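A short worksheet on the structure shown next.
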Amino acid sequence: MTMKSEVKYPTRLFKNWQKAKEMTRQKYLDVATAKEQGKILVFGCAGTPYYWLAGFGDYVYWGGEPYGATVGSDRDFSAQCLRAAEGKGYGHDFCTYYLNCIGSMLLDKYYFTGGPFPKPDFIWSERFCPYGHPKSTQVMAEYLNIPHYIIDDELHHLRSGKLEQRENYVIGQLLDSIEWMEKILGKPYDLEKAIAGMMNSFEAELLWAEIILLNRTIPAPIGIRSLMGFMPAHMLYKGEPEAVAFLKELRDEMKERIADGIAAVPNERVRLVLSTPPPWGALSVISDLEKKGVVFLTNFAYAGGTWAKMEFHEDGSVTKARMPQELGWAPIKTREDLARTWFRWTKIQHKFPFGPDYIDDIDNALPIAVQFVKYLRADGVVMVSQLACLPQNLGTRDYKVAFEKANIPTTLVEYNMADPRDVDSAGLLSRLEAFVEIAAESKK
Amino acid sequence: MDQSEEFIQKFRAVMEDPHAYAKAWKARTNGKVIGWFCSYSPVEIIYAAGMLPVRVLGGNEPERLSDVYMFGKCCPFSRNCLAQGLTGKYDYLDGIVHARSCDAIEMAFHNWCRFLSTPFKYFILMPGHIDSPRALPLLKAEYRDFKDALGKLNNKAVSEEDLKRSVQEFNRNRALMKQMYGLMKADAPPLTGAEALEISLAGQVMDVKEHSDLLEQLLKVLPERKIGRDPGARLMLAGSVNDNVSFVKLVEDCGATCVIEENCCSTKYYWDEIASGRDVIEAIAQRYINRWPCPAFDWKVTGEKRGRWQRLWSCGPHSADLPTIKGLFESHNIPVLVLELDVTVPVGQFRTRIEAFLETFSLELV
């Protein structure tokens, strides 16, 4: 297919690119050396409020999904891990992020050092989905013989039932889990440090939202490959001042790029939003499309949820959210305040219209999703039937219909984001190329 | 036809057209029929409200309707359940309820709520963290709300006495079901596994009292029944949901008897009874928290779990447990064959695999 590749805008590398890579590398090296450094090593879902661990002193939190994604970006190592897990009997239809983790564990091979798979002190994680997270971490806890605690934090209160009792259930588990960790670690809990960690995380979530929303500029200053490259500095360092400092620098650089008219894709002509993360082992599909003037502005999965907090306004605008103190929330004085503030922030105040928590209220979620895509001035949406993760498929059809009704061209593709064996790169590229032409035509 | 045959035929007739049974019940009683999705739905509360709880089951036939609403990643049973609603087979329902379990069946439920006109729709947050002391207070509150919602739907509050009567009826039924499966311990079981599954499934769509009455009559004559077949290998059929009787028939036609099932269409549904002597709602909640768990709720790190044998394609929670279960059985010299089920059964392929599996038993005997 012939596509124009005329250069319309200047481009340049991000100043902080190497710093982000170094931060990512350092955090994963910390995972391997946490014990030597005298730090607690905790494994779990990256969406867990792991910054609360600051209350116990120095810690390293090892998120299963980012590790599974990183492994999934390496075709050879991922294939080894997946073969090891599947050979043991774990199904190919299981959560692939965690299948990569389980495989790496079974091989006793840590991706970042090639050395043995680090043994966490315990697993402290949120449920998120019954398919992947708690069952995978259960498998790992049994194999590694380490304690395991899962916080069941879904609500689904919008269809029927009362919020208060569901909130108390979640808060109760959060508080119990702190006591559980106190017993395991034999350490007192410093609430002030936990509060500071949580506030850093909230601030980082607002900065990440601001960075994504700056991408409404034409030309877009950042594409999804770079955005995902910067993501670990946010995802792996949540709650740490380094993340806030880094994201401020990135936000400022985004503004500089906008002022200088710097584009992520010099021949930008079609702007798309992806629903799920990209196929980590086949990012060449994205770069091939970038060469043809396509910029992926973000994906839904990392533009909301635990990662970014936004406010959607009646005039169609979208802004970063406000900090609890700006919202007039009461200061945190007790552990229960800590838990309730987290709950209110994460589950009530800033639900993003994509993901499992919204499935029971999809009629309200869809207009907000449309607003987000329009605000970013996207020309189309690529919905993914995600083979790696069931919750990311929840409501896919509804979103597709809603975007189409709003005259936003939308296509549906299928791939496994963390199993390169399960991505038809050539077919995916052809399909997206055809869709790009439709999206380009519809702009006229 | 001997008497047991006659009773078994009655259960079979219900399962041949469960919708006709429900419609007839509705016409006869003028009562409401409430569909439920997952075996964590508290059928006792529905029955206490004077309503007929009917499990939404798959049709075990290929379909394309649900593809539009649920993608291939979702388990085929869930998609097939939704398809039954989309084809209008459950149009007679007055309500639909789901107690949260896994995302796939929940997706079927939410799509049902969005695209079907069943008047009453209710979602119960079954606590996932069943080992937490926070689970029971939540579930009690959820059940009280559900009970009140049903009372409102019926313009008649559900009383403690209603609940007690319902619990008694379900406990009676569960005891009878255990008694029935107890007979499968005989050297020559008086039922085939397929018949046992049909009776078990019938209990999930029939009026529980009617099911118990019929079952009680069957149990009086069943010990004397001779089915005139070599039971062959005695198998446990374990794993994900299985409402496919023809699959069990296929296994048994290869020279075996499925003497016990471990899944949510069978033992996991009826095994655990409700303790008496407490606040009834609390007792019901306690039953669902302590029951034989679905892997979606089983997060304990014990290193031991109960049996699995067949699993549904794309059932993540079972997928996670499978290697442990397989290893556990094999460590006790119990051979395990893992089959991956879909909406329909690949008869030829499965027959070859099952026959080969059964042949390994004969080799051991030699």
Side-chain angles (χ1 to χ4, degrees), chain A residues 88-95 98 123 127 129-132 134-139 141-142 145-152 154-157 159-162 164-166 168-173 176 356 359-360 362-363 385-398 412 414, chain B residues 68-75 97-98 100-104 106-107 109-111 113-114 121-125 127-130 132-135 137-138 140-142 145-146 149 294-303 311 313-324 326-327 338 340:
Chain A
K88 186 87 176 166
Y90 299 107
H92 58 279
D93 45 10
F94 200 49
C95 167
Y98 277 96
I123 290 172
R127 177 187 190 261
C129 99
Y131 265 62
K135 294 306 290 183
S136 308
T137 51
Q138 180 189 34
V139 166
E142 285 181 346
N145 194 24
I146 55 175
H148 184 239
Y149 196 103
I150 299 288
I151 303 146
D152 176 19
E154 284 176 28
L155 297 175
H156 301 284
H157 62 287
R159 171 83 56 202
S160 45
K162 293 175 188 148
E164 192 187 348
Q165 64 213 29
R166 296 181 186 181
N168 288 339
Y169 166 64
V170 177
I171 300 297
Q173 291 173 83
D176 292 347
I359 192 66
D360 56 347
I362 205 155
D363 287 324
S385 180
Q386 184 52 260
L387 300 173
C389 171
L390 186 137
Q392 294 201 40
N393 291 292
L394 296 176
T396 303
R397 180 252 178 209
D398 302 278
L412 177 68
E414 183 179 83
Chain B
V68 180
Y69 305 91
M70 293 170 73
F71 294 95
K73 178 74 184 170
C74 298
C75 88
V97 62
H98 178 58
R100 191 246 335 228
S101 51
C102 73
D103 285 348
E106 195 167 317
M107 204 166 167
F109 169 74
H110 286 299
N111 275 298
C113 292
R114 272 174 67 67
K121 293 147 182 166
Y122 202 91
F123 179 84
I124 296 167
L125 191 79
H129 196 168
I130 51 175
S132 165
R134 312 290 177 168
L138 172 68
K140 276 165 61 180
E142 292 285 323
D145 292 343
F146 180 50
C294 166
F297 294 92
D298 179 13
W299 306 337
K300 253 189 185 166
V301 180
T302 59
R311 76 181 195 97
W313 186 84
S314 203
C315 180
H318 278 88
S319 180
D321 281 3
L322 183 63
T324 314
K326 191 168 178 286
V338 179
E340 206 167 70

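Here the structure is a predicted model, which is why all the values come from computation and not from measurement. Every chain is numbered from 1, with letters handed out A, B, ... down the list of sequences.
Within the 4.5 angstrom heavy-atom criterion, atoms from both the backbone and the side chain of B:Pro127 approach chain A. Proximity to chain B (any heavy atom under 4.5 Å) is shown, for A:Glu414, by neither the backbone nor the side chain. Neither the backbone nor the side chain of A:Ile171 comes within contact range of chain B; no heavy atoms are under 4.5 Å apart.
Remark: A:Arg397 CZ to B:Arg114 CZ distance equals 7.5 Å, nearest 0.5 Å. The OH atom of A:Tyr98 lies 14.5 Å from the NZ atom of A:Lys135; values are rounded to the nearest 0.5 Å.
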| message | Test side-chain contact (heavy atoms from CB on, under 4.5 Å) on A:Ile123 and A:Ile146; report intermediate values, then the result. | response | CA-CA 7 Å; A:Ile123 290 172; A:Ile146 55 175; 3.8 Å; yes
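Applying the ring pair (Phe, Tyr, Trp, His ring centres under 6.0 Å) test to B:Tyr69 and every residue at least two apart in sequence or in another chain returns B:Phe115.
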